[in-house]
Trainee: 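Quick one: the structure is below, questions incoming.
The structure presented is a predicted model; accordingly, all values stated were derived computationally and were not measured. Sequence lines set the chain letters: A, B, ... in the order given, protein chains first and strands last, and positions in each chain run from 1.
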Amino acid sequence: MSEFLQQLVNGVTWGSVYALIALGYTMVYGILRLINFAHGDVYMLGAFIGLYASGWFHAAENPNPLKALLVLLTSMLLSAGIGMVIERLAYKPVRKSPRLSALITAIGVSLLLENGGLLLFGADPKFFPQIIPAHNISLGMGVVISNQQVIVLAVSLALMIGLRTLVLHTKVGKAMQAVSHNHMAASLMGISVDSIITFTFMIGSALAAAAGVLVALQSPKIEPLMGIMPGLKAFVAAVLGGIGNIPGAVVGGLVMGVAEVMVTGYLSSTYRDAIAFVLLIVILLVRPAGIFGKAVTEKV
Amino acid sequence: MSQLQVDGLDVYYGAVHALKGVNVRAEAGEIVTLIGANGAGKTTLLRTISGLVPAKGGRVMFEGKDITKIPAHEIVALGISQSPEGRMVFANLSVEDNLELGAYRRKDGAGVRKDRDAMFQLFPRLLERRKQLSGTLSGGEQQMLAIARALMSRPRLLLLDEPSLGIAPLLVRDIFKNIVEINRGGVTVLLVEQNAHMALSIAKRGYVLETGKVVLEDDAAKLATNDEVRAAYLGG
């Protein structure tokens, strides 16, 4: 029992990171019907910006939570800027083209970021500094949680609540919903669809960057290709929850994280990556629209 | 100078020449109707005025200003608002949120709330359903919402695209009464309708469109008695 609870704690922590990345996929899909395959690479950039920001703020010397927060916010902010540039330069020009062009563009941007990363940061893994030194907290019944895990959970939760408030209760959030429903009707309200799309990319990129920093806190080896697998899995998580659906992305991410940790714990770590794709196959067979998705019939 | 003046408008949808040198005008305070068969270009004209579709030639003047190249979301701020064909309410948002989005460009919160209450007075059925998701409303209620939403930007010119489409006849009558009431409040109305009979009964002037061209233009009362119009659009 205690082992199961321990795995659950680890799974939920890991899953909340997937959820943060999945939110970006699902928001961009909701608004543009585009799978932004470069999203996992923004997560990687987030981790690297965090690495540099830790240097700028000397966050590893006399580490304190305030400096760590500064590192996190810097990474989120700069990554939001990167998200904006990617959208403007790469996706906006092909917005009126067939959807396949946009998809191929996304793959191109992904390759560009990965190889650009190799060029800029080098292929050798870099060590993310200890901006929050680890120590363990006992939860009783033999279950242990690290303070870093607590931070991952708390930050993810705060970001998700923030996003929920933004989307449901602010003017710009309602505009996002309007654009995701119907671009034409949204412009008739006086909403600048272009600005809302850019804003959505910025929010999604900031969340991915936060995920990058949070992961680097716990597993400090970061390298330019680190975004590929988590990116794919978060995409599966978004599909699992119902792509385009925000609560769905969170649930999908948590399911993914727990499934992965359980498989590693009770079967073999060999199957760790396989479980994501097993889940994908199962959901596509059983419920293609995802857990929260509504089945949409394509009009011919 | 007319409030709205459309001069020699040419619009293409891909290779299709949808509007061929269309001239239309609306004076402040009028109800003007555009009638014509499916595919005549009525919706295209409204979309071009709203900035949703680019014009290849000609121009759209509003209150003396050339708005031909102004993007759709800026045109709303200039005082032109549209209730589009098929209503296009934001189905997953509540009635209130839809109205709030109609006032997206406005900064006067108190004024917006006042106008929202005025909409609930004009359309009491919306008041009963203010917290309901608009996708769950009936077709007629959605049409009322689409019109109310368009009014929330305080337009001086309201473009209405097929407000009677797919709506129970009794409700159509109500909605047309509402349109007259809105017009009496000082809003110019450009009304696209397939229900030519209803449209001509409330309009001051009318245009008949056929395959992208204005083929007739006259006072609504005269159009209603015109033999060609009667034969083609009023069922003889």
Side-chain angles (χ1 to χ4, degrees), chain A residues 26-27 29-33 88 92-93 95-98 163-200 241-249 289-290 292-297 299, chain B residues 14 43 46-54 70-107 109 112 133-135 142 145-155 158-161:
Chain A
T26 229
M27 280 170 30
Y29 183 86
I31 229 152
L32 276 184
R33 305 291 180 269
R88 285 282 159 92
K92 196 174 174 213
R95 203 181 295 154
K96 298 235 155 58
S97 317
L163 181 70
R164 189 186 146 81
T165 310
L166 175 84
V167 171
L168 293 183
H169 300 297
T170 67
K171 200 167 174 177
V172 65
K174 285 173 190 172
M176 285 165 80
Q177 293 187 64
V179 172
S180 108
H181 188 264
N182 186 327
H183 287 199
M184 186 185 276
S187 5
L188 285 178
M189 301 301 107
I191 297 167
S192 163
V193 173
D194 282 347
S195 319
I196 294 293
I197 289 172
T198 306
F199 182 72
T200 306
I243 190 134
N245 182 302
I246 289 180
F292 291 100
K294 282 190 220 106
V296 195
T297 35
K299 278 188 196 157
Chain B
T43 294
L46 291 198
R47 287 188 178 172
T48 313
I49 295 171
S50 274
L52 294 166
V53 175
I70 295 180
H73 63 274
E74 301 287 348
I75 283 181
V76 181
L78 293 177
I80 302 181
S81 186
Q82 181 176 159
S83 160
E85 184 181 20
R87 308 182 285 264
M88 297 191 192
V89 296
F90 301 114
N92 42 0
L93 291 175
S94 71
V95 167
E96 272 183 339
D97 282 347
N98 269 272
L99 293 178
E100 192 185 317
L101 280 168
Y104 187 75
R105 302 293 295 230
R106 291 174 59 183
K107 305 266 183 266
V112 169
L133 292 187
S134 64
Q142 289 191 13
L145 177 57
I147 295 173
R149 187 181 64 174
L151 287 171
M152 287 299 291
S153 65
R154 286 207 173 163
L158 176 66
L159 312 177
L160 294 175
D161 199 347

Trainee: Show the nearest heavy-atom pair for residues A/S187 and B/L52, with the distance to one decimal.
Mentor: OG-CD2, 3.8 Å
Trainee: Rounded to the nearest 0.5 Å, what's the gap from OH on B/Y104 to CE on A/M189? Could you check?
Mentor: 12.0 Å
Trainee: As an exercise, state the distance from NZ of A/K174 to CD of B/E100, rounded to the nearest 0.5 Å.
Mentor: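 So the NZ of A/K174 and the CD of B/E100 are separated by 3.5 Å.
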Trainee: Contact part of B/R87 toward chain A, heavy-atom cut-off under 4.5 Å: side chain, backbone, both or neither?
Mentor: neither
Trainee: With sequence neighbours excluded, tell me which residues meet side chain to side chain donor-acceptor pair (under 3.5 Å) with B/R154.
Mentor: B/D115
Trainee: Let me confirm one number: the CD-CG distance from A/Q177 to B/D97, rounded to the nearest 0.5 Å.
Mentor: 7.5 Å
Trainee: Counting heavy atoms not belonging to A/R33, are there more than 12 under 6.0 Å from its CZ?
Mentor: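 Yes, because the 6.0 Å sphere around CZ of A/R33 holds more than 12 heavy atoms from other groups.
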Trainee: Kindly compute the distance separating CD1 (A/I191) from CZ (B/R105), expressed to the nearest 0.5 Å.
Mentor: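 Nearest 0.5 Å value for the CD1-CZ distance: 10.0 Å.
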Trainee: Return the NZ to NZ distance between A/K171 and B/K107, rounded to the nearest 0.5 Å.
Mentor: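 These two atoms lie 5.0 Å from each other.
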Trainee: Rounded to the nearest 0.5 Å, what separates atom CG in B/L93 from atom CG in A/L168?
Mentor: 9.0 Å
Trainee: Can you tell which of B/G102, B/A91, B/A77 has the highest number of heavy-atom pairs within less than 4.5 Å of chain A?
Mentor: B/A91
